[in-house]
Amino acid sequence: MKVRKNIYLHLIVFIGLVYLILLTILYCSESASSDAMIQTFGDALWYSLVTLTTVGYGDLLPVTPLGHAVGMIFLLLSAGIMVTLFGAVLSFVTSEGLPLLLLSLQRYKNWYYFADCGVESNTLAANIYKEDANALIIFGEKRNGQNEIPDYPCIYVNASPDKIVKKKKEKGAKCKVFLMKENDIGVNSRAVNLHELPVEVYARTTNGRDKLSGNINFFHSYECCARQYWRSKPLCMHENVIVLIGFGNYGQSILERAILNNIVSVEQHVAYHIFGNVGDFLAIHYRLGELFSLNEESQVRDSLLFYDRSWAESHTILERADRIIICVDDEQEGWSIFWTLNKYYRVSGRIDLRSSRRAPGISYFGANEDIYTSQQIIRTDLNKAAVTINEIFRKSVSYPTLRWDELDDLHQQSKIAAADHLLMKTRILLHDETITVLTSSAVKKAYDKYRKTKYQETVREMYRKLDHIRWLRFYIFYNWSYGAVRDDEARQHPMLCPYEELTPEQRHERDAAWELMGNLSLELE
């Protein structure tokens with residue numbers, strides 16, 4: 001690179017020297033003639049510029065033979081210069097020059113860089129632009145002919161994140177980088193050294209980790225779909241029989257969120273009937289039998305019933321179901337199951353179908369527009385609520401506890417699961433199952449109800465017990481067990497026991513997730 005710069009520098013000096021010599025020859029030859037129009041060096045410079053740019057005013061002309069010769073050289077050079085200039089401008093417009101210039105002029109905007117311009121990237125970019133009026137959308141590759149022109153302003157530049165960051169020059173907010181292809185961070189050359197850049201990275205993955213390093217966050221499209229499903233269609237009090245058809249990536253994520261989040265009463269007994277390839281699920285989560293009735297429907301606690309046979313053979317279960325969730329990974333197969341159920345079966349409950357596209361007139365979920373949003377991917381509000389829960393918890397106990405940034409991934413996820421349950425808590429407190437979105441007014445009403453009722457001993461104990469059940473489910477799902485002393489390496493905790501066996505201080509800890517609602521109502525305002 002240094003050698004190339006030296007060559008360019010020498011070439012510029014040589015061209016400048018030749019140009020200066022020609023001007024000197026023109027000036028000397030013309031100024032010696034009494035009839036010459038070019039009498040000064042300035043006249044010679046003006047004539048050369050007018051000739052080389054092909055403007056040709058005709059106000060100055062050489063009259064001497066030597067002057068004519070120099071003028072001819074300028075005329076011949078003018079055509080080459082114009083072609084070169086036109087080519088340079090065309091190259092600047094069609095290459096990365098213009099996009100990079102536009103980036104330099106918008107450093108104080110909020111930059112969102114996408115490594116590709118696929119369907120998922122386009123959907124998330126459109127949602128971000130709706131939410132952030134100061135957003136600058138940057139795609140790190142050229143748009144091909146198959147991509148539709150977006151409805152929002154964006155810049156296409158074939159450049160890596162480090163090159164983009166250099167243009168940002170740390171002005172304004174940190175650039176956010178999105179790798180929207182599954183496991184792209186492991187194979188995309190543009191993902192190299194992302195952890196060293198002053199950016200926030202969000203990478204789509206199929207593994208179970210949410211963190212790689214301080215600035216790299218993973219997200220799972222299946223988990224996003226499951227979270228969006230149970231938020232938009234929460235479990236209701238009257239629902240006791242839920243059927244899941246399909247137990248691939250989507251089915252497992254939906255069941256996982258149900259296990260961690262679907263706690264509406266201390267007396268509930270919801271039976272989940274799961275049709276699909278169970279695989280290693282029960283082998284991995286081998287402690288679920290401590291909280292759930294496995295493969296036998298119970299009237300005192302939730303049940304998980306797995307079937308190897310086809311869903312089509314289970315007529316009685318389908319007819320009893322309060323809700324049927326079609327969540328097979330193959331979307332076309334899901335549609336086929338949906339039409340078959342509607343055509344041949346007597347189904348009294350609702351049928352929810354996973355569809356990546358909006359389906360008017362059908363109870364669907366999982367549309368790209370609903371999954372690929374900043375609230376699902378960046379999870380600002382959810383993570384903020386989780387941090388607040390941790391701070392409230394730290395203040396409510398007498399023993400030393402860790403700050404948010406000191407927690408490992410599992411314990412951060414524990415607080416996020418508590419924040420995820422806030423919608424359900426709001427519905428429970430207000431006895432309103434129509435609420436599917438956390439608004440400031442709804443949360444404030446719920447918190448006011450909590451403050452008025454928490455001093456009633458039976459009600460307070462019910463609140464605490466309900467959150468303890470939620471907390472137990474999380475740790476049992478990750479295979480923790482009871483231990484007299486907390487041991488994170490052995491995955492043992494002294495609170496992994498029935499609520500009745502907790503000490504008064506341990507019971508008091510369960511208030512943190514309910515007290516958060518006061519903070520959340522202020523945040524939402």
Side-chain angles (χ1 to χ4, degrees), residues 210 223-224 226-237 239 242 253-268 270 272 291-292 301-302 375-376 379-393 396 404 407 410-439 442-447 449-450 453-454 459-478 480 495-496 499 507-521 523-524:
D210 276 357
E223 180 185 303
C224 290
R227 181 175 272 113
Q228 181 263 336
Y229 173 73
W230 289 115
R231 276 185 168 271
S232 62
K233 307 177 191 299
L235 181 72
C236 296
M237 286 283 195
E239 294 181 301
I242 308 293
S253 294
I254 286 173
L255 181 61
E256 176 181 344
R257 301 316 306 174
I259 289 171
L260 300 180
N261 200 53
N262 284 356
I263 302 97
V264 298
S265 167
V266 295
E267 299 174 348
Q268 72 183 47
V270 181
Y272 295 92
L291 291 180
F292 293 86
R301 59 177 177 167
D302 286 2
Q375 286 301 325
Q376 291 278 21
R379 301 192 313 195
T380 304
D381 292 344
L382 183 62
N383 290 341
K384 188 185 295 183
V387 173
T388 306
I389 283 180
N390 191 60
E391 288 305 305
I392 294 174
F393 168 71
S396 67
W404 176 261
L407 296 173
L410 178 73
H411 291 93
Q412 285 188 355
Q413 289 303 309
S414 172
K415 301 300 187 291
I416 290 173
D420 237 350
H421 194 250
L422 287 172
L423 175 63
M424 198 65 76
K425 285 181 168 67
T426 302
R427 288 161 59 95
I428 292 168
L429 286 164
L430 297 180
H431 301 289
D432 187 350
E433 294 188 337
T434 65
I435 299 174
T436 57
V437 178
L438 285 174
T439 62
V443 176
K444 188 177 184 304
K445 288 179 183 178
Y447 183 61
K449 177 71 176 295
Y450 169 72
T453 57
K454 70 176 182 177
V459 177
R460 183 181 67 242
E461 291 301 293
M462 183 273 289
Y463 291 155
R464 290 175 173 177
K465 185 175 182 180
L466 190 136
D467 195 66
H468 182 63
I469 293 171
R470 180 205 59 75
W471 184 88
L472 278 176
R473 286 194 179 191
F474 178 87
Y475 281 93
I476 291 295
F477 186 81
Y478 287 99
W480 281 59
M495 290 178 62
L496 281 163
Y499 178 78
R507 294 185 184 189
H508 181 67
E509 290 181 20
R510 301 274 58 87
D511 293 337
W514 296 91
E515 292 292 348
L516 169 68
M517 304 187 81
N519 301 72
L520 182 60
S521 63
E523 287 286 344
L524 290 173

Problem set entry | Any donor-acceptor N/O pair, Arg473 side chain to Leu260 backbone, under 3.5 Å | no
Problem set entry | Interatomic distance, Lys425 atom NZ to Tyr450 atom OH [nearest 0.5 angstrom] | 10.0 Å
Problem set entry | Trp404 CH2 to Gln412 CD distance, which is reported to the nearest 0.5 Å | 4.5 Å
Problem set entry | Sidechain N-carboxylate O distance under 4.0 Å for Asp420, Arg231 | yes
For this session: Decide yes or no for Val459 and Lys454: does some side-chain heavy atom of the first lie under 4.5 Å from some side-chain heavy atom of the second?
Result: no
Exercise. Between Gln268 and Val264, is there a donor-acceptor pair closer than 3.5 Å when you use the side chain of the first and the backbone of the second?
Worked result: yes
Problem set entry | Nearest heavy-atom neighbours spanning Leu438 and Leu423 | CD2-CA, 3.8 Å
Exercise. Charged N to carboxylate O under 4.0 angstrom, Lys445 versus Asp432?
Worked result: no
For this session: Dump the intermediate steps for side-chain contact (heavy atoms from CB on, under 4.5 Å) on Leu382 and Gln375, then the final yes or no.
Result: CA-CA 8 Å; Leu382 183 62; Gln375 286 301 325; 5.9 Å; no
Seminar exercise, completed: CZ (Arg510) and CZ (Phe393) are apart, to the nearest 0.5 Å, by 7.5 Å
Problem set entry | Heavy-atom pair of closest approach, residues Trp514 and Tyr463 | NE1-O, 3.1 Å
Problem set entry | Main-chain N/O of Ile263 paired to His421 side chain as donor or acceptor, under 3.5 Å | yes
Problem set entry | Least distance between heavy atoms, Ala386 atom then Ala419 atom | N-CB, 3.9 Å
Exercise. Donor-acceptor pair, Gln376 side chain versus Arg227 backbone, under 3.5 Å?
Worked result: no
For this session: Please examine the side chains of Leu516 and Leu422, heavy atoms only from C-beta on, and report whether any two atoms are closer than 4.5 Å.
Result: yes
For this session: Looking only at non-hydrogen atoms, find the nearest pair between Pro234 and Ile435 and report the distance.
Result: CG-O, 4.3 Å
Exercise. What orientation do Tyr475 and Trp480 show, parallel under 30°, tilted 30 to 60°, or perpendicular over 60°?
Worked result: perpendicular
Problem set entry | Side-chain heavy-atom pair Leu466, Ile428 within 4.5 angstrom cut-off | yes
Problem set entry | Side-chain donor/acceptor of Asn383 to backbone N/O of Arg379, under 3.5 Å | yes
Problem set entry | Closest non-hydrogen atom pair between Ala442 and Leu430, with its separation | O-CD1, 3.5 Å
Problem set entry | Within-4.5 Å side-chain heavy-atom neighbours: Met237 and Arg427 | no
For this session: For the pair Lys415 (side chain) and Asn390 (backbone), establish whether a donor and an acceptor sit closer than 3.5 Å, ignoring hydrogens and angles.
Result: no
For this session: Walk me through it: do Val270 and Asn262 pass the test side-chain contact (heavy atoms from CB on, under 4.5 Å)?
Result: CA-CA 9 Å; Val270 181; Asn262 284 356; over 6 Å; no
Problem set entry | Worked verdict on Trp471 versus Met495 for side-chain contact (heavy atoms from CB on, under 4.5 Å) | CA-CA 10 Å; Trp471 184 88; Met495 290 178 62; 3.7 Å; yes
Exercise. Looking at side-chain heavy atoms only, is the closest gap between Met517 and Lys449 below 4.5 Å?
Worked result: no
For this session: Hey, could you give me the CZ/NE2 distance between Arg470 and His468, rounded to the nearest 0.5 Å?
Result: 10.5 Å
Exercise. From Glu256 CD over to Phe477 CZ, what is the distance, rounded to the nearest 0.5 angstrom?
Worked result: 4.0 Å
Exercise. With distance as the sole test, does Trp230 use its side chain to make a donor-acceptor pair with the main-chain N or O of Leu235 at under 3.5 Å?
Worked result: no
Exercise. Can you name the nearest heavy-atom pair linking Cys236 to Glu433, along with the distance?
Worked result: CB-OE1, 3.2 Å
Problem set entry | Euclidean distance, Ser265 OG relative to Met424 CE, rounded to 0.5 Å | 11.5 Å
For this session: Please say whether the positively charged group of Arg507, taken as NZ for Lys or CZ for Arg, lies over the ring of Tyr499, i.e. under 6.0 angstrom from the six-membered ring centre and within 45 degrees of the axis.
Result: yes
